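Single-structure report; data block below.
Hydrogens, waters and symmetry mates play no part in the numbers below; they use all other heavy atoms, side chains included. Owing to the predicted nature of the structure, the values given are computational and were not obtained by experimental measurement. Throughout, protein chains are lettered first and strands after them, A, B, ... in sequence-line order, and every chain is numbered starting at 1.
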Protein chains: 2
Amino acid sequence: MIQSIDRAAKVLNLLQGARHLGISDLAAAMELPPSTVHGIVKALQAHKLVAQERIGNRYVLGPALVKLSSVYLDTLDVRARAIRWMHDLSRETGFASRLGVELFGDVLVIHHDGRPDGSEQMPETGASIPSHASAIGKVLLAFNSEHADDVFANPLRELTGYTITDAQELADDFMSVRKNLIAYENEEAVIGESSIAAPVCDSTGDVVAAVAIVIPSNETPVDEATLTRLIETARNISRDLGTPSWPPTPN
Amino acid sequence: MIQSIDRAAKVLNLLQGARHLGISDLAAAMELPPSTVHGIVKALQAHKLVAQERIGNRYVLGPALVKLSSVYLDTLDVRARAIRWMHDLSRETGFASRLGVELFGDVLVIHHDGRPDGSEQMPETGASIPSHASAIGKVLLAFNSEHADDVFANPLRELTGYTITDAQELADDFMSVRKNLIAYENEEAVIGESSIAAPVCDSTGDVVAAVAIVIPSNETPVDEATLTRLIETARNISRDLGTPSWPPTPN
DNA sequence: AATTGCATTCGACAATGTCGAATGAACCCC
DNA sequence: GGGGTTCATTCGACATTGTCGAATGCAATT
């Protein structure tokens, strides 16, 4: 592992968590001399991966990340295929839909299609949610034991009073996810919001993503037709990607 | 400048341009031995800034960029303030709106509010457009001579038959932008699409962004009220940011 | 089965990044 | 308004670290 690149990435991660940091904040957090951190930050700044605040001398993440991220999203086959099916899903069910993948134990939302009712929509793409508190996460974990082990390695953080923090309870949940191809989450991450997710497979047959619909809690439970429609959407995306087997097998 | 970080950033840029590249492609492009590039790529991969394709052994940009980008966007004061005003603008005028900043001589779109007619919307946030062929770019250049010099240093690339490729003609255009606080662009970047932009200032009084409305060419020209509404939006955002002076002064 | 075109591993060398001390700038408090 | 404090920033010597070339391994293609 190249030391300075590793340190540069750590700088980006720290800025991701803290938004605005000075050189000495970073130096303290990384336990390095300020001059060393300064060199790293200046190298990142030259590529606009970080930027200096206009007033004050703290540093923030830079605009180049937006372009990189946008190109990443465009290269993702799953996303390209999912967009059409998700739009149909949202239009027909009336619920917002999300597509998520795993990132360092959390769920990263890589596409979002809003409710068709024209309400003001916050862009949710890029948001990340702890896996154990999201329907998408439960699907990804239930079908990938490697990711699941990572999550079980640490205590499950409580986000709301309904978050599942007991490992055994979560593991039991996975059994039914594998059996029914559906994961539920009821106000486990955000009060007032529930979600339901289904697995998406790529051409290797592995579960690489999950689609979900997001439901205001006062509209739960949803009818059987909506559930069928969600699984259908997941299967359509998977088929587009050339999955060799459906339903998917746990890995 | 730290060499290995510089090289790592170059790797990200190459992947941004080419989507999928193998180690030897990267090595050739950077004129470095493959083993050197391999080390760099593996360091980036450990942080998921790049990822390896599931089939084949080429590399692509990684998911961590999405989260970083999303945090960057959230930290941007301009964007946070602009979102509400832009939504109102789009709803009242019926046109899609964009917010853009400068990035390496191009315009980077940092927010997009779709047409209110419910048509399927491609997310445009993250897109980048050559400054000289966009209304947003013309605003940013007209009010920032440093950026303008950068752009004039290279020949102006022709994107459509209507792109302004003559430096003098573009400079003349800037005069009226500074005077009227409005820049126009008619099919200069994309056939069938025109746009109109106005400057946004921050608390230092500098023009740091521009808002635009995007107009299908068959709906041009737009009426006077729409233009006024656009400038008003720009002023409202600027006022929210605490600009000390309006109209802005060229820098 | 042999060959080609890759990615990947390894170890020696020296170029490179690192660190500590010195400088400079900005801010705050008295 | 001046002295003090807290930062970011610059600089140069040192040795740690990244770099490179050669060797290996893997897989696809013929």
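- A sub-4.0 Å separation between OP1 or OP2 of C/dA7 and a side-chain N or O of B/His38 is absent.
- Rounded to whole Å, atom P of C/dC27 lies 11 Å from atom CD1 of A/Ile55.
- Across the protein-nucleic acid pair, B/Leu21 atom CG and C/dC6 atom P stand 13 Å apart, rounded to whole Å.
- Residues B/Tyr59 and B/Lys42 meet the side-chain proximity criterion, which asks for heavy atoms closer than 4.5 Å.
- Taking the ring axis of B/Phe104 as reference, the NZ or CZ atom of A/Lys48 stays within 45° of it and closer than 6.0 Å to the ring centre.
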Working note: A/Asp25 + A/His20, criterion side chain to side chain donor-acceptor pair (under 3.5 Å); need CA distance, chi angles, decisive distance, verdict. CA-CA 9 Å; A/Asp25 300 320; A/His20 314 268; over 6 Å; no
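- A/Thr36 comes within 4.0 angstrom of a nucleotide base, judged by non-hydrogen atoms across all strands.
- B/Arg58 comes within 4.0 angstrom of no nucleic acid atom, judged by non-hydrogen atoms across all strands.
- Whole-Å rounding puts the A/Leu26 CG to D/dT9 P distance at 11 Å.
- Using a 4.0 Å heavy-atom cutoff across all strands shown, B/Ser35 reaches at least one base atom of the nucleic acid.
- As judged by a 4.0 angstrom heavy-atom cut-off over every strand, B/Ser4 is placed among residues touching the sugar-phosphate backbone only.
- Counting any heavy atom pair closer than 4.0 Å across all strands shown, A/Gly39 reaches no nucleic acid atom.
- Atom C1' of nucleotide D/dT19 and atom CG of B/Asp6 are separated by 15 Å, given to the nearest angstrom.
- Look at A/Gln3 and you'll find a side-chain N or O under 4.0 angstrom from OP1 or OP2 of C/dT18.
- In this structure, A/Gln45 atom CD and D/dT9 atom P are separated by 8 Å, rounded to whole Å.
- Each of A/Gln52 and A/Arg7 was matched to the nucleotide of DNA chain D holding its nearest heavy atom; the match closer to the 5' end belongs to A/Gln52.
- The distance from atom OH of A/Tyr59 to atom P of D/dA8 is 8 Å, rounded to the nearest whole Å.
- Put simply, CD1 on B/Ile5 is 12 Å from C1' on C/dT16, counting in whole angstrom units.
- Of the two residues near DNA chain C, B/Met1 and B/Ile23, the one whose nearest nucleotide lies more 5' is B/Ile23.
- Using a cutoff of 4.0 Å between basic side-chain nitrogens and carboxylate oxygens, B/Asp206 and A/Arg54 are scored as salt-bridged.
- A straight line from CG of A/Leu32 to P of C/dG17 spans 15 Å, rounded to a whole angstrom.
- Residue whose closest nucleotide on DNA chain D sits further toward the 5' end, between A/Ile2 and A/Asp25: A/Asp25.
- Heavy-atom contacts from other residues, nucleotides or ligands closer than 6.0 Å to CE of B/Met1 number more than 12.
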